Number of protein chains: 2
Amino acid sequence: MTTNDHSPAFLEFLAAHFQDGERLPSLAQISREMGISIAALREQLEVARALGLVEVRPKTGIRRLPYTFLPAVLQSLRYATGVNAENFRLFAELRTHIEASYWYQAVALLTPQDLAELMSLVQRAEARLAGSPPENPHGEHKELHLSIYRRLNNPFVNGILEAYWELYEAAGLAVVNEHDYLRTVWQYHRKMIEAICSGDLDVGYQALVDHTDLLYKRPQAAPRQRFE
Amino acid sequence: MTTNDHSPAFLEFLAAHFQDGERLPSLAQISREMGISIAALREQLEVARALGLVEVRPKTGIRRLPYTFLPAVLQSLRYATGVNAENFRLFAELRTHIEASYWYQAVALLTPQDLAELMSLVQRAEARLAGSPPENPHGEHKELHLSIYRRLNNPFVNGILEAYWELYEAAGLAVVNEHDYLRTVWQYHRKMIEAICSGDLDVGYQALVDHTDLLYKRPQAAPRQRFE
DNA sequence: TTATCTGATTAATCAGATGAATACACCGCC
DNA sequence: GGCGGTGTATTCATCTGATTAATCAGATAA
């Protein structure tokens, strides 16, 4: 009550008066229009920037950006993992649940061209794994997962999935994995994509769930137990 | 690259040097320690406050709060719905997917006392529905859903679920529903809780999925189709 | 055409002054 | 001794003005 009556007036101002990509007036002018000082305005502007809602540069000024959920998640998540590393595991668990629960819906939206690109991702990854020296196809791994869910066009789902990968990389996990583990993972990936191509959505789903269980054990994986 | 090299120095400072509930030095002192002006510091402080990481008051100063994901989600989500109301539907869809995918895991953690309280929630809601005049048991509805997943102790899951209800109320949807619809919903709620109590987790799951489908149609509801 | 210089615009940062909210000790009163 | 009001010091809240740095666009020269 007494502590947080902070209503973000600038965010409302931003949402109400401008379009994506549109340039805002200068700080001095906004400050006059909103009836607050530049210093106070800048404090709120910094929040908008942290949430990824505006881009601001000298001379160019302030520009509204298309909405994305990612920066908000990332800011909070970075702090959370800094305070307690266990939080990353909890977030990773959420990510696997979201991937599993959106599987059928997301896969149904993929176009033939999407599938071709996914298949080429698998091949490129396998080539890198089989090379000498073998490389960790992390970029392909990330892109494969994100591509499957991109057509959902759900900024919240996509923001969470992207935040996972961003933090995964920041934590340095993108390089450490052993070769055997990676080979196994990519066998599952191939199975997933091939299953989608042939319409065996259930097989693909099972491959998805199994391959995430390789990394994070999911105590009572929800839909899987229905098979037994 | 050039636009967003903003590293939130204060957030790191906060995570590194203090504990939950601990009081920070005064702004003037932090400003000296971090080597930046008070104005610049306050801009970053405002971000921390928007993320719900600190509580700040005159005389008392700045206090670090226990981590919560909720404020970050809420800030971004409020803006998103302000820009495009469709975003609320997309977020609501995410919420139903998360509830469904965590069902078995969450229910397994409920204690006998939790179940008793859930059952009493159902009874209280039914009483309000049957009263004259009948009332919309919105508080019970919200509490029922949140209670089921609270034991997961996952700040990200809980933050998203809480954000949904907060925005649901802010949108004024908490009062408009028709009596027939509400009666049906609470039949499902009773079914869910009774199923949990008797160990029929699958029946409860089905009731959960069906009752959310009353409001938001989920095109290819993932795990449900496995039943046919 | 390409690269460099120049000027104007805007944000970035800072220091300082004033005001307002709050906690806490103090004092007088019952 | 307990209680309630009062004062006071501490801290954030807000504003102002000045200076610095970054960036863009247009002019100029190679």
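By convention in this document, chain letters (A, B, ...) are assigned in the order of the sequence lines, proteins followed by strands, and residues within each chain are numbered from 1. All figures in this text were calculated on a predicted structure; none of them were measured in a lab.
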- [ ] Check B/Leu152, B/Asn154, B/Val157 against A/Leu90 for a side-chain contact (heavy atoms from CB on, under 4.5 Å) and give me the one that passes.
- [x]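 Single pass found, and it is B/Asn154.
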
TODO: Kindly determine whether A/His97 and B/Trp103 satisfy ring-ring contact (aromatic ring centres under 6.0 Å, His included), including the steps that lead there.
DONE: CA-CA 11 Å; A/His97 278 66; B/Trp103 169 261; over 10 Å; no

In chain order, what residues pass the side chain to side chain contact (heavy atoms under 4.5 Å, CB included) check against [X], with sequence neighbours excluded?
X: B/Ala116; value: none
X: A/Arg32; value: A/Ala28, A/Gln29
X: A/Asn153; value: none

Could you state the [atom1]-[atom2] distance from [X] to [N], rounded to the nearest angstrom?
X: B/Glu43; N: C/dA15; atom1: CD; atom2: P; answer: 14 Å
X: B/Arg57; N: D/dT14; atom1: CZ; atom2: C1'; answer: 20 Å
X: B/Glu55; N: D/dT11; atom1: CD; atom2: C1'; answer: 14 Å
X: A/Glu46; N: C/dA11; atom1: CD; atom2: P; answer: 14 Å
X: B/Arg63; N: C/dA23; atom1: CZ; atom2: C1'; answer: 14 Å

- [ ] Pull out every residue in residues 20-32 of chain A that has a heavy atom closer than 4.0 Å to any atom of DNA chain C, ordered by number, or say none.
- [x] A/Arg23, A/Ser26, A/Leu27

Open item on the list: Test: ring-ring contact (aromatic ring centres under 6.0 Å, His included). Region: residues 16-57 of chain B. Which pairs qualify, not counting sequence neighbours?
Closed with: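 Passing the test, one end in residues 16-57 of chain B: B/Phe13-B/His17, B/Phe13-B/Phe18.
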
Task: ring-ring contact (aromatic ring centres under 6.0 Å, His included): pairs with one or both residues in residues 35-68 of chain A, sequence neighbours excluded - done: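 Non-adjacent pairs meeting ring-ring contact (aromatic ring centres under 6.0 Å, His included): zero.
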
Open item on the list: Taking 4.0 Å as the cut-off, does a side-chain nitrogen or oxygen of A/Arg42 come that near to OP1 or OP2 on C/dA11?
Closed with: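 No, A/Arg42 has no side-chain N/O under 4.0 Å of OP1/OP2 on C/dA11.
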
Polar atoms only, N or O, under 3.5 Å: list the protein pairs with nucleotides 15-20 of chain D and their distances.
from, atom 1, to, atom 2, distance (Å)
D/dC15, OP2, A/Ser37, N, 3.1
D/dC15, OP2, A/Ser37, OG, 3.1

Task: Closest to the B/Lys59 side chain, choosing from D/dA22, D/dC24, D/dA9 - done: D/dA9

Task: Closest listed nucleotide, where the reference is the side chain of B/Val56 and the choices are D/dA13, C/dA23, D/dA22 - done: D/dA13

Solution key, residues 144-151 of chain A side-chain donor-acceptor pairs under 3.5 Å, sequence neighbours excluded:
from, atom 1, to, atom 2, distance (Å)
A/His145, ND1, A/Arg95, NH2, 3.3
A/His145, ND1, A/Glu99, OE1, 3.2
A/His145, ND1, A/Glu99, OE2, 3.0
A/His145, NE2, A/His141, NE2, 3.4
A/His145, NE2, A/His189, NE2, 3.4
A/His145, NE2, A/His211, NE2, 3.3
A/Ser147, OG, A/Glu143, O, 2.6
A/Ser147, OG, A/Glu143, OE2, 3.1
A/Tyr149, OH, A/Glu99, O, 2.7
A/Arg150, NH1, A/Glu143, OE2, 3.0
A/Arg151, NE, A/Asp114, OD2, 2.6
A/Arg151, NH2, A/Asp114, OD1, 2.9
A/Arg151, NH2, A/Asp114, OD2, 3.3

Task: With sequence neighbours excluded, residues passing ring-ring contact (aromatic ring centres under 6.0 Å, His included) with B/Phe156 - done: A/Phe91, B/Phe69

